[in-house]
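One structure below.
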Amino acid sequence: MLCFRRATPKLAAHARLARVGCSAVLAAVFLAAVVDRADGQTFGLDDCPAFPIVGPPGFGFGAEDPYGMMGPPLAPSPSLGFIGPMGDGAWLSPGPVIQHPGPNGMYVDSFSSHHVDNGLDITLDFSVDRITMGFAGTAVGAEAANGQAHGDIYTGTETYFSPGFFVGLPPGPFAGWLPSISAGVPGNVLTTDESVFGLMTSGGIVPPGVPVPPPIITPGLHDNLESFDNIVTFDANGDMMFDVDAYFTLYPDEAFPVGLSPADILVVAAGDGGALAVAYAPSASMGLVPLEDSIDALVMYDNNQKPLPVSNPNAPGMIEPVIDYALFSLAPGSMSLQIWGLDAADVFFTDFTGAFAVYAPSQSLGLIMSPPGFPFQGDSVDALDVTAAGPPPGITIQDGTCIYDLQNLSGERLTSNGGIANLFTGANDHIFQNWFWYRGSGDTREYALSTLIYSSNNNNRARLVYLEPINDGATPNALLFDLEYTISCLSAVPPVCARCEIVIAIKIRNLTSDHVDLAFFSYNDMDLNGDSPGDSAVIAGVDNHIQLVTDLGPGGTNCIASAVYKVSSTDHVAWEIDTYAIIINKLTDAVADTLANAVSPFGPGDYTGAQEWEITLGPAGSVMQPPFDEWVGSVVKEVVVYQPGDVDGDCDVDLSDLAALLANYGTACNP
């Protein structure tokens with residue numbers, strides 16, 4: 001692991017950042033310890049339909065056996081008996097208390113609010129049924145051993161690529177396994193214990209890690225949390241109307257009598273009370289078997305809601321394949337699990353084109369697969385939600401010994417702290433800060449890019465996407481800034497790369513229905529050879545779009561470093577070179593500024609430089625349907641380190657240079 005530390009006078013000015021550019025290594029600790037977290041506040045409990053506490057008997061035997069194929073049934077969740085008649089299928093809050101009756105008065109098997117996909121990696125939050133055991137060393141395994149796993153909410157320790165990446169499934173019904181796992185260690189941690197919700201075990205309400213008295217499971221005196229959503233409430237004001245669109249599925253014995261499939265997705269529109277639940281997505285749209293599959297966990301992405309002819313004109317409409325998509329799991333006994341050799345603990349993805357695919361296999365969640373031919377003897381996910389990964393604090397890309405580290409990627413809209421950076425060619429660090437500011441229509445000052453909505457970081461490339469407002473914040477989601485970073489070693493002689501290049505490809509897109517006048521600024525603070533005082537600079541290029549920076553090293557006798565800071569000339573209007581912190585103070589003050597077209601030549605001194613473009617972007621046709629008006633540009637930074645006789649670029653002339661020379665003797669130079 002590489003850690004980069006700055007030691008310049010500027011670091012004191014930025015001491016409040018209190019950071020070094022280190023990539024933290026997170027160890028997964030599989031302990032049954034509750035994380036204090038305010039999610040999962042809306043949940044439902046399993047009311048074993050064959051012998052329910054409330055409501056007429058059904059034919060299923062609870063979450064473990066919804067079709068009643070194995071038996072005998074486990075006991076219903078005992079807390080439903082304390083809640084009363086409306087508890088059967090109700091959506092609950094901690095207590096547990098009724099938050100809202102189940103739609104149409106039915107027993108709901110899974111539910112989900114509408115989720116927004118911001119393109120970031122996600123983790124999966126889930127609960128399990130009463131016979132799930134989990135792998136040893138995981139939180140599910142520890143809680144199951146104590147007889148209290150099935151009222152808890154867990155979070156998988158793997159991360160997964162945003163579901164929207166996988167829109168466009170191949171023909172189904174089963175489209176295979178998606179390459180969705182992003183990073184992490186297979187397993188799970190406990191994020192909400194059943195005691196937080198006031199749920200029961202055979203030993204009453206107990207904290208995590210406490211063994212409950214036998215019988216641990218059978219006949220079962222435990223509440224089984226069978227559905228939840230990471231939303232505090234569906235009905236904040238208590239008017240018995242849904243505040244958000246609510247998507248759900250029904251238990252088999254509730255679905256069949258009304259002519260529905262337990263694999264159909266239904267919806268109640270925001271503003272309705274639940275009696276107007278309507279069909280949203282039929283089972284066939286997901287490649288499922290209509291009467292013999294049952295969805296028991298759901299995360300819904302309804303990305304282009306349309307009106308329906310119901311009482312609420314803003315009600316969501318039917319699915320739109322490829323635009324809408326969902327994550328879900330199937331209950332034990334579902335036919336598709338048996339046909340395709342899948343598990344009730346697998347999480348699936350569908351884009352409603354008649355197909356589904358494995359998004360998160362059971363083992364990635366630390367759950368046990370069903371043995372071949374025994375579909376009821378494995379673990380089961382019976383409730384599901386997602387948590388988007390927060391914007392990363394930084395990125396690190398590398399090619400050979402060329403290493404670029406960029407930190408403070410978000411939340412620095414009004415500060416001077418965005419884009420604190422390091423660029424190593426070998427031993428020395430040559431950059432202190434690289435970042436971008438903008439001023440759009442209606443803005444009275446410059447703002448730093450700060451609202452990161454997507455990031456990726458892989459080997460020598462990284463991508464950052466920002467969605468920013470204009471009009472001093474009054475017009476949100478106006479401009480999309482897409483930055484793609486690539487680092488390359490351009491040296492011909494190993495092992496130390498003495499010539500490193502960073503290319504930043506830039507796209508700026510107008511998402512509004514009006515023209516946008518945009519001033520866009522690239523800011524560059526280079527401290528060549530790792531020190532700030534000794535840099536000199538001069539402007540170059542026919543459009544003054546190139547800045548050449550040099551440093552002779554301490555005392556002018558050490559390693560020579562030179563840099564080219566070049567930007568695309570399209571719409572380029574101004575430049576500036578000056579001593580730190582004159583330019584950055586100009587970009588971060590509360591007034592609109594234009595670069596000064598000075599000073600050149602500069603130095604020696606503490607160099608900083610900036611470039612300015614002025615761009616007019618036409619209105620977008622539609623956010624969902626291009627064309628957009630888009631500006632494309634680039635920033636290139638190339639650093640070369642050289643000392644006479646220093647073949648390997650490490651700023652020393654020694655035996656390693658001789659060895660490198662001999663190893664490459666007779667080799668032609670790269671053109």
Side-chain angles (χ1 to χ4, degrees), residues 23-43 94 120-162 180-197 199 201 205-212 222-232 297 299 327 329 343-347 359-369 378-393:
S23 298
V25 177
L26 302 179
V29 181
F30 302 130
L31 298 176
V34 171
V35 176
D36 184 12
R37 168 175 168 173
D39 63 4
Q41 295 300 302
T42 299
F43 60 93
L120 298 177
D121 289 357
I122 63 170
T123 55
L124 296 178
D125 308 318
F126 63 95
S127 72
V128 298
D129 66 14
R130 284 162 290 204
I131 63 173
T132 291
M133 297 305 296
F135 282 119
T138 69
V140 171
E143 287 287 84
N146 289 320
Q148 51 160 314
H150 32 277
D152 302 332
I153 295 175
Y154 306 88
T155 295
T157 49
E158 292 270 17
T159 57
Y160 303 86
F161 291 120
S162 168
S180 53
I181 295 176
S182 174
V185 178
N188 52 73
V189 294
L190 177 62
T191 48
T192 309
D193 187 68
E194 86 281 336
S195 59
V196 174
F197 297 139
L199 301 183
T201 72
I205 299 175
V206 298
V210 175
V212 300
H222 302 76
D223 287 328
N224 180 38
L225 191 150
E226 196 183 34
S227 56
F228 75 93
D229 193 282
N230 289 342
I231 186 172
V232 173
V299 179
L327 300 176
S329 73
D343 286 299
D346 292 335
V347 175
Y359 178 80
S362 56
Q363 291 178 303
S364 73
L365 294 170
L367 300 177
I368 299 172
M369 299 172 60
D379 292 347
S380 175
V381 166
D382 66 351
L384 184 69
D385 210 332
V386 300
T387 299

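All of these numbers come straight from a predicted model, not from anything done at the bench.
- Two residues are said to be in side-chain contact when any heavy atoms from C-beta on lie closer than 4.5 Å; Y154 and T138 fail this criterion.
- Proximity of a side-chain donor or acceptor of T201 to a complementary backbone N or O of Q148 within less than 3.5 Å is not detected.
- At a cut-off of 3.5 Å, with distance as the only test, no side-chain donor of S380 or D382 sits close to an acceptor on the other residue.
- Using a 4.5 Å heavy-atom cutoff, the side chains of L199 and F43 are in contact.
- Residues D379 and F135 fail the side-chain proximity criterion, which asks for heavy atoms closer than 4.5 Å.
- To the nearest 0.5 Å, the span separating CG on D152 from OG1 on T192 amounts to 8.5 Å.
- The minimum heavy-atom distance linking P211 with N146 is given by the pair CG-OD1, 3.3 Å.
- Across all non-hydrogen atoms, the minimal contact from L384 to A297 is CB-CB, 3.6 Å.
- Side chain of T387 to main chain of T123: no donor-acceptor pair is present (N/O by atom type, distance under 3.5 Å, no hydrogens or angles).
- Taken to the nearest 0.5 Å, the OH atom of Y160 stands 4.0 Å off from the CG atom of L365.
- Rounding to the nearest 0.5 Å gives a distance of 7.5 Å between CE of M369 and CG of D346.
- Note that CG of D129 is 12.0 Å distant from CG of L225, once rounded to the nearest 0.5 Å.
- Contact detail for Q41 and P94: the closest heavy-atom pair is OE1-CG, 3.0 Å.
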Subject >> Derivation and outcome, side-chain contact (heavy atoms from CB on, under 4.5 Å), residues D343 and L367 >> reply: CA-CA 10 Å; D343 286 299; L367 300 177; over 6 Å; no
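- Contact check for D125 versus N230: side-chain heavy atoms found under the 4.5 Å cut-off.
- Listed here is the closest heavy atom pair of L190 and A139: N-CB, 3.4 Å.
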**OP:** Output, in order, the C-alpha distance, side-chain angles, deciding distance and verdict of side-chain contact (heavy atoms from CB on, under 4.5 Å) for H222 and V212.
**Re:** CA-CA 10 Å; H222 302 76; V212 300; 4.0 Å; yes
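- To the nearest 0.5 Å, atom OH of residue Y359 and atom OG of residue S364 are 9.5 Å apart.
- With a 4.5 Å cut-off on side-chain heavy atoms, N188 and F126 count as touching.
- You'll find the side chain of L327 reaches within 4.5 Å of the side chain of I122, heavy atoms only.
- At distances below 3.5 Å, at least one donor-acceptor pair connects side-chain atoms of E143 with backbone N or O atoms of G209.
- Residues T42 and D229 have side chains that never bring a donor and an acceptor to within less than 3.5 angstrom of each other.
- Nearest heavy atom pair, residue D193 against residue S195, reads OD2-OG, 2.6 Å.
- Heavy-atom minimum distance, F228 versus A383: CD2-CB, 3.4 Å.
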Subject >> Derivation of the side-chain contact (heavy atoms from CB on, under 4.5 Å) call for V206 and E194 >> reply: CA-CA 8 Å; V206 298; E194 86 281 336; 4.1 Å; yes
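- Rounding to the nearest 0.5 Å gives a distance of 6.5 Å between OG of S127 and CG of N224.
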